[in-house]
Amino acid sequence: MLLRRSAARRKGRVSVLRAEQNEETTMADPGTLHDAFIDELRDAYDAEKQLTKALSKMARAASSPDLRAAFEHHLEETRGQIERLEQVFESLDEKVRGKHCDGIAGIIEEGNNVMQENFDEATMDACLIAGGQRAEHYEMAAYGTLIAWAEVMGHADAVDLLQQTLDEEKAADEKLSALAEGGINQNAADAAHAGEDEESEEEPAAVGAGVKNRLASKAKAGSRR
Ligand SMILES: [Fe+2]
């Protein structure tokens, strides 16, 4: 009798639990792609704002005048991208609002850590390019998705505006690759291997040249996106 009563009590608890779970799943309507789109726009808006601070810091840390100019130019572009995102929100009748972007915060934090290292000038420039390209690729991925979603939902104005920004991000990335491959990486590599014998005793000349070529093409691949 006692056993049967506690089994009934257990059964009762289970059905109460099931009822609560059902209520939870039916309480709010599920979010749509449009909600996810707005969320990602807010993320991008915050990311651009974080990047304006980071880019001016990177420009100050750069030794190469061309690299400094590239960061300053992209800083100006980024300010325009913020305004463009505001236009996107307006075109959708949405309030202009940012939402903390953890992804870009992490990339910026890594960049800040590198800037605190005691590297020679060319190496620091190579590292600044590496950090800058990480940020550009993160943004390119975000804008690529935003454009694809805006297209399928028929937000034509948003597509136009976001595409202009994506084109700027791609150009900024290519500019950084050109600077890296146009001398900064090589200058850093020369400083890294300064005073090394071209032909070491253990290594015949032909093998030495092959290793050097492989190292040079590896360094190139590192900045080619
Ligand atoms: Fe940007």
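The analysis underlying the following values was restricted to heavy atoms, covering all of them including side chains, and did not include hydrogens, waters or symmetry mates. Index from 1, following the sequence.
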Please answer: with hydrophobic residues joined when any side-chain heavy atoms are less than 4.5 Å apart, are [X] and [Y] in the same cluster?
{"X": "L51", "Y": "V88", "answer": "no"}
{"X": "L75", "Y": "L166", "answer": "no"}
{"X": "Y45", "Y": "I147", "answer": "yes"}
{"X": "L179", "Y": "M140", "answer": "no"}
{"X": "I104", "Y": "I82", "answer": "no"}

Side chains of [X] and [Y]: does their closest heavy-atom pair fall under 4.5 Å?
{"X": "L128", "Y": "V114", "answer": "no"}
{"X": "I38", "Y": "L41", "answer": "yes"}
{"X": "D125", "Y": "F119", "answer": "no"}
{"X": "R60", "Y": "S56", "answer": "yes"}

Could you list the residues that satisfy side chain to side chain donor-acceptor pair (under 3.5 Å) with D167, not counting sequence neighbours?
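Partners of D167 under the side chain to side chain donor-acceptor pair (under 3.5 Å) test: Q163.
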Only one of R84, E48, Q81, E139 clears side chain to side chain donor-acceptor pair (under 3.5 Å) with T165; which?
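Testing each of R84, E48, Q81, E139 against T165, the sole residue satisfying side chain to side chain donor-acceptor pair (under 3.5 Å) is R84.
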Can you confirm whether E86 is buried at CD, in the sense that more than 12 heavy atoms of other residues, nucleotides or ligands lie under 6.0 Å from that atom?
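Yes.
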[X] side chain to [Y] side chain, donor-acceptor N/O pair below 3.5 angstrom:
{"X": "H73", "Y": "E76", "answer": "no"}
{"X": "E169", "Y": "H74", "answer": "yes"}
{"X": "D46", "Y": "Q50", "answer": "yes"}
{"X": "E40", "Y": "T145", "answer": "no"}

Residues which pass ring pair (Phe, Tyr, Trp, His ring centres under 6.0 Å) with Y138, listed by chain and number, not counting sequence neighbours:
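Listed in chain order: nothing, the list is empty.
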Verdict with supporting geometry, Q186 and D190, side-chain hydrogen bond (donor to acceptor under 3.5 Å, both in side chains)
CA-CA 6 Å; Q186 192 58 58; D190 289 348; 2.9 Å; yes
What verdict does the side-chain contact (heavy atoms from CB on, under 4.5 Å) test give for F37 and L92, after you've listed the backbone C-alpha separation in whole Å, the side-chain angles of each residue and the deciding distance to 0.1 Å?
CA-CA 11 Å; F37 178 61; L92 299 161; 3.6 Å; yes
Minimum heavy-atom distance between F89 and K95, given as atom pair plus value:
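Residues F89 and K95, closest heavy atoms: CD2-O, 3.7 Å.
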What's the spacing between R97 CZ and D39 CG if we round to 0.5 Å?
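So the gap between those two atoms works out to 9.5 Å.
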Salt bridge (charged side-chain N to carboxylate O under 4.0 Å, His left out) with R42: which residues, sequence neighbours excluded?
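R42 satisfies salt bridge (charged side-chain N to carboxylate O under 4.0 Å, His left out) with E94 once adjacent residues are dropped.
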When you measure from the side chain of D160 to the backbone of D157, do you find a donor-acceptor pair of N or O atoms at a distance under 3.5 Å?
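Pair absent, no side-chain N/O of D160 close to backbone of D157.
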Backbone of D173 reached by a side-chain donor or acceptor of Q133 within 3.5 Å
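Side chain of Q133 to backbone of D173, a donor-acceptor pair under 3.5 Å: yes, one is there.
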Go through M58 and R68 one step at a time and tell me if the side-chain contact (heavy atoms from CB on, under 4.5 Å) criterion holds.
CA-CA 8 Å; M58 288 161 91; R68 189 175 318 137; over 6 Å; no
Start with the C-alpha gap between L176 and F71, add the side-chain angles, then the distance that decides, and say whether side-chain contact (heavy atoms from CB on, under 4.5 Å) holds.
CA-CA 9 Å; L176 290 175; F71 284 138; 4.1 Å; yes
Any chance you could lay out the side-chain contact (heavy atoms from CB on, under 4.5 Å) test for K57 and N112, step after step, and finish with the verdict?
CA-CA 9 Å; K57 210 170 164 185; N112 285 338; 3.3 Å; yes
